[in-house]
Amino acid sequence: MMQIWLLLSFLLPFAVFWAPHRMKGPGLRSFLFRRTLIVLPYLLWMGLLDLKKIQWNLAGVSLLIATVALLIWWERKEYLFKASAVYAGLAGRMNKENFFASLYNLSVFILAEEVFFRLAVLSVFPNKWAVVGQAVAFVAAHYATPWGKSLALKDLARQFVFALVAGSYFLATGDLIVCVLGHALLNMPEFIHLFRRFSMKSSEEEVLYGSF
């Protein structure tokens with residue numbers, strides 16, 4: 001039964017992504033509702049988390065953080081550009097409403113992905129083959145999104161390596177918190193980009209919500 005619900009949880013977000021007109025509606029509330037609805041099947045697995053069973057491991061933490069650092073260094077030019085004021089200037093200033101909507105969107109997706117691919121999958125299938133399987137599923141989930149075709153092979157490879165190491169770490173320790181922090185660190189340029197756009201003094205503002 002758990003396996004069936006796991007499969008449904010994996011597929012349901014794509015039904016929302018690819019729903020007719022993507023359940024579009026004007027305004028911030030509609031955007032937040034859609035984005036929350038997409039990740040809800042993932043977040044429902046949060047109940048499996050047991051903080052008492054975490055076996056914190058310094059070597060494992062070091063390996064995960066080192067992997068993230070190497071992945072960032074590998075694409076350092078792209079990361080530096082995405083975090084730059086120039087890139088923020090090209091996108092334009094964000095008002096407070098757009099900023100918090102985008103910050104929520106980025107944060108909740110990071111949390112939901114770690115809850116599902118690490119916590120849920122590896123709790124239902126606690127073995128080394130599932131570590132590989134969840135890494136493949138993690139990449140497939142990103143590629144299957146409406147913007148997935150824009151991802152280059154190096155982007156998919158970076159996601160696979162991170163998911164493989166994060167999955168191995170979680171299986172060994174049960175520590176989801178470090179996995180979430182590592183994922184957030186990997187996406188740090190996106191956070192910097194949002195804060196740069198929000199702090200700009202330009203009068204031009206862009207409405208972000210509406211597409212998904």
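Not a single donor-acceptor pair under 3.5 Å links the side chain of Asn187 to the backbone N or O of Glu190. Put simply, the side chain of Ser123 never gets that close to the backbone of Ala120: no donor and acceptor are under 3.5 Å apart. The backbone N or O of Trp73 sits less than 3.5 Å from a side-chain atom of Arg76, completing a donor-acceptor pair. Thr145 places a side-chain N or O within 3.5 Å of a backbone atom of His142 that can act as its donor or acceptor partner. Judged purely by atom type and a 3.5 angstrom limit, Arg197 has no side-chain atom pairing as donor or acceptor with the backbone of Ala88.
Scanning both residues, Ser9 and Trp45, for their nearest heavy atoms gives OG-NE1, 2.9 Å. The two residues Ile192 and Ala83 have their closest heavy-atom pair at CG2-O, 3.5 Å. The minimum heavy-atom distance linking Gln134 with Val121 is given by the pair CB-CG1, 3.7 Å. Here the closest heavy-atom approach between residue Tyr79 and residue Leu186 is recorded as OH-O, 3.0 Å. Across every non-hydrogen atom of Tyr169 and Val61, the tightest pair is OH-CG2, 3.3 Å. Closest of all the heavy-atom pairs between Phe170 and Cys179 is CB-SG, 4.1 Å.
In this structure, Leu70 is not a member of the same hydrophobic cluster as Leu185, with clusters built from ILVMFWY side-chain heavy atoms closer than 4.5 Å. Tyr87 and Phe195 fall into different hydrophobic clusters, where Ile, Leu, Val, Met, Phe, Trp and Tyr residues are linked whenever their side-chain heavy atoms come under 4.5 Å apart, directly or through other members. Neither Trp129 nor Val131 shares a network with the other; the hydrophobic side chains, linked directly or stepwise wherever heavy atoms of I, L, V, M, F, W or Y lie under 4.5 Å apart, form separate groups for each. A chain of hydrophobic side-chain contacts below 4.5 Å, direct or via other Ile, Leu, Val, Met, Phe, Trp or Tyr residues, connects Leu7 to Val124. In the hydrophobic clustering of ILVMFWY residues, with side-chain heavy atoms under 4.5 Å counting as a link, Phe10 and Val136 come out together.
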Practice item. Given side chain to side chain contact (heavy atoms under 4.5 Å, CB included), test Asn105 with Phe31 step by step and report yes or no. Key: CA-CA 9 Å; Asn105 179 62; Phe31 173 82; 4.1 Å; yes

Check your understanding: Could you walk me through whether Tyr42 and Phe109 pass the ring pair (Phe, Tyr, Trp, His ring centres under 6.0 Å) check?
Key -> CA-CA 9 Å; Tyr42 287 3; Phe109 264 75; 8.2 Å; no

Practice item. Evaluate the criterion side chain to side chain contact (heavy atoms under 4.5 Å, CB included) for residue pair Glu113 and Gln159; output intermediate values, then yes/no. Key: CA-CA 12 Å; Glu113 288 174 356; Gln159 292 171 359; over 6 Å; no

Exercise for review: Output, in order, the C-alpha distance, side-chain angles, deciding distance and verdict of ring pair (Phe, Tyr, Trp, His ring centres under 6.0 Å) for Phe138 and Phe116.
Suggested key: CA-CA 9 Å; Phe138 182 72; Phe116 181 76; over 10 Å; no

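Of the inter-residue distances, the one linking Leu37 atom CG with Arg34 atom CZ reads 10.5 Å to the nearest 0.5 angstrom. In this structure, CZ on Phe191 lies 4.0 Å from OG on Ser107, to the nearest 0.5 angstrom. The CG atom of Leu48 sits 15.0 Å away from the CZ atom of Arg118 when rounded to the nearest 0.5 Å. One finds the CG atom of Leu63 at 9.5 Å from the CG atom of Asn57 (value rounded to the nearest 0.5 Å). Summarising the geometry, atom CG belonging to Leu151 is positioned 9.0 Å from atom CZ belonging to Arg158; distances are rounded to the nearest 0.5 Å. Here Leu90 contributes atom CG and His193 contributes atom NE2; the two are 9.0 Å apart, rounded to the nearest 0.5 Å.
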